[in-house]
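Inspection log for the structure reproduced underneath, given as structure tokens.
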Amino acid sequence: MFKNTISNLSRIRQVAEVLIRYGFEDVVTSTALRRLVPQSRRRSWLEGEQAVFETTRWERIRMIIEELGPTFIKLAQALSNRADLLPQPLIDEFEKLQSNVPPFPVAQARQIIERELGRPLEEVFADFEEVPLGSASIGQVHGARLLTGEKVVVKVQRPDVQDKVRTDLSLLHELVRLTAGFLKKQGLSNPQDIVDAFERSMTKELDYTSEARSMEQFRKLYEDYDTFYIPKPYRELSTSCMLVIEFVSGCKITDKPQLLEWGLSPEKVAEVGMDVYLTQIFEFGAFHADPHPGNVLVRPDGTLVLIDFGMVGRLTKQQKYAFAGVFIGMARQDARSMALNFRRLALTSEIPDMRAFEADLSQLIEDFASLDVKEMSMSDLADSLQDVIYRYKLQVPGAVFLILRALVILEGIGKVLHPRFNTFEFVRPYGAKIIAEQYSRENIQNEALYTGTQLLALLQTLPTDVRQIVRKISRGDLRLRVELSGYQLLMAKADELVGRGILAAITVAIILFAGLSLLGNYSPAMPYYRGIPVITWWALAAGALLLLILLLLGTRRPRRRKPQ
Ligand SMILES: Nc1ncnc2c1ncn2[C@@H]1O[C@H](COP(=O)(O)OP(=O)(O)OP(=O)(O)O)[C@@H](O)[C@H]1O
């Protein structure tokens, strides 16, 4: 506890120092510097960081995040598709956030490897490359060769990264708690949920055994594919902060000159890439969530290789059908079906104003229908769908955002390889497949079996439950406690409705009685009718009519309001 507080405090100091160094405003005032920075360090900051002051505010925010380390970099990357929350120039900067950060010394990497293996490095590896192949915010990757001769890569986590991320996450939780009111006003109603989800994904990314498990799962799913390969993890040499994987050689998928030199068709490579991804999303419901070009390699024989399974998205079968249903609804220009599938997809199925929601989806369909297929872009569609999700505060599974982001990245890759690349042409056949799968005999049987099992469970417990109730009734000690939420409101409403009903009944009776009697029997010569002056009957009828109008106005339905 004490240790936590101390590390939190020292991290707060570090964060504050970085913020002050880069300045909150476009110019760092010398007064602010004088007050906050000791004389000895003031000059070096001003001289050493001169370039900082020539940058824009958005660039400076990106630099601050880069300097604050892995947690903030990953958070900014996760927020880089929230166009509803962040200004576009900041999103552009966040997209530049490179995972390439300077490597840490190889001596430290060796130390970590030996600690994790529990023996000297030479007892496992015949060679170990000193210069890393890549280094990112969480770890770095070294090439190596096992004593058995196999070429491998060793992914080693940065020293203390787990502690640092834990401290940052606790700071983030605290920050969100303190600013919840402000964030709510900015339209972010569930910041704590966002941080929770982020914490879950960071925790997974920090556990390399979870990455190894995902690789094994995907290797199994794709074992029959000869156009696609996933390298093998060496589980016996891996721990939560060190991962040994089979080495694969290949070029980046976007390296068109290299593909052409190998005699491969870039268009074909793009097709295979898209196919592999769409099967992950629409068939397996589990997908590699970070398909940036550095993670998708191509071998000289054209086989596609995916590396880095640190972030994997998953959809349940029902979520998968609902997600596909949104796309199918759109392709069929059916806003209602799109809306219903969105509702199935949302974790809370409440959509306050379904009609307005459907109207907005109709508009979205119209906007896209007016485009030529060539003009359609996945990134525009992803923006529009995300906009609808945020506007109606739909709590859709996080995997949905990951899919949209992955499809946008893939579209970018496709366009590099194939000038006329169109994501929608690839997605279309999957729609038909999904419909066929959803209504397959097997699925219907499974659904029926599930419902049947539920029913059976109910029938099994029913006789006992009924017997118990009957016994209580016969003993006279059955008590019912009914709790209704909004009971008071309900009763007040009921009172009001009963009052209105009686009034309406009386009014209608008077109108009928007075009106019909008068119309049937009235003659101008008649001063009285049934012993009452005719003028009184007229007054009664007019009063009743007025009452009826008032009643009708009172029961008028409130006007539908569009959510903001
Ligand atoms: N199995 C492999 N075979 C060959 N090279 C690899 C392999 N795995 C990783 N690399 C190299 O190491 C680099 C970093 O690997 P990886 O993407 O797994 O690490 P990371 O820390 O998650 O990085 P990032 O966040 O940038 O994706 C890759 O870009 C690639 O050059």
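Start at 1 and go down the list; that is how both ligands and their atoms are numbered. This structure is a prediction, so every number in the text was calculated from the model and none was measured. Computed over heavy atoms, backbone and side chain alike; hydrogens, waters and symmetry mates excluded.
- Geometrically, ligand 1 and L133 share no nitrogen or oxygen pair separated by less than 3.5 Å.
- Looking only at atom types and distance, the side chain of E150 has a donor-acceptor partner in the side chain of Y234 under 3.5 Å away.
- Of the polar atoms of K155, at least one N or O is found under 3.5 Å from an N or O of ligand 1, judged by distance alone.
- Comparing I138, V244, I73, V141 by heavy-atom distance to atom 14 (C) of ligand 1, the nearest is V141.
- Below 30°, between 30° and 60°, or above 60°: for H288 and Y277 the angle between ring planes is above 60°, a perpendicular geometry.
- At a cut-off of 3.5 Å, with distance as the only test, no side-chain donor of E130 or H142 sits close to an acceptor on the other residue.
- Counting heavy atoms under 4.0 Å from ligand 1, residue V248 touches it through both backbone and side chain.
- Side-chain atoms of H418 and E271 form no donor-acceptor pair, as typed in the model, at a separation below 3.5 Å.
- The shortest N or O to N or O distance between D290 and ligand 1 is not below 3.5 Å.
- The ligand atoms of ligand 1 that sit less than 4.0 angstrom from a heavy atom of F247 are 3 (N), 4 (C).
- Close approach of ligand 1 to H292 (heavy-atom distance below 4.0 Å) involves ligand atoms 27 (O).
- Counting non-hydrogen atoms of other residues, nucleotides and ligands closer than 6.0 Å to CZ of R420 gives a total of 12 or fewer.
- When the heavy-atom distances from atom 30 (C) of ligand 1 to I307, L243, V156 are ranked, the shortest goes to I307.
- Between K74 and ligand 1, not a single N/O pair is under 3.5 Å apart.
- Using a 30° and 60° split on the angle between ring planes, Y222 and Y225 fall in the perpendicular class, above 60°.
- The proximity of L297 to ligand 1, defined as any non-hydrogen pair under 4.0 Å, does not occur for either the backbone or the side chain.
- Taking the ring axis of Y321 as reference, the NZ or CZ atom of R344 does not stay both within 45° of it and closer than 6.0 Å to the ring centre.
- At least one cation-pi condition fails for K320 and F282: the charged atom is not both under 6.0 angstrom from the six-membered ring centre and inside a 45 degree cone around its axis.
- Short contacts between ligand 1 and E246, defined as distances under 4.0 Å to a heavy atom of the residue, involve ligand atoms 1 (N), 2 (C).
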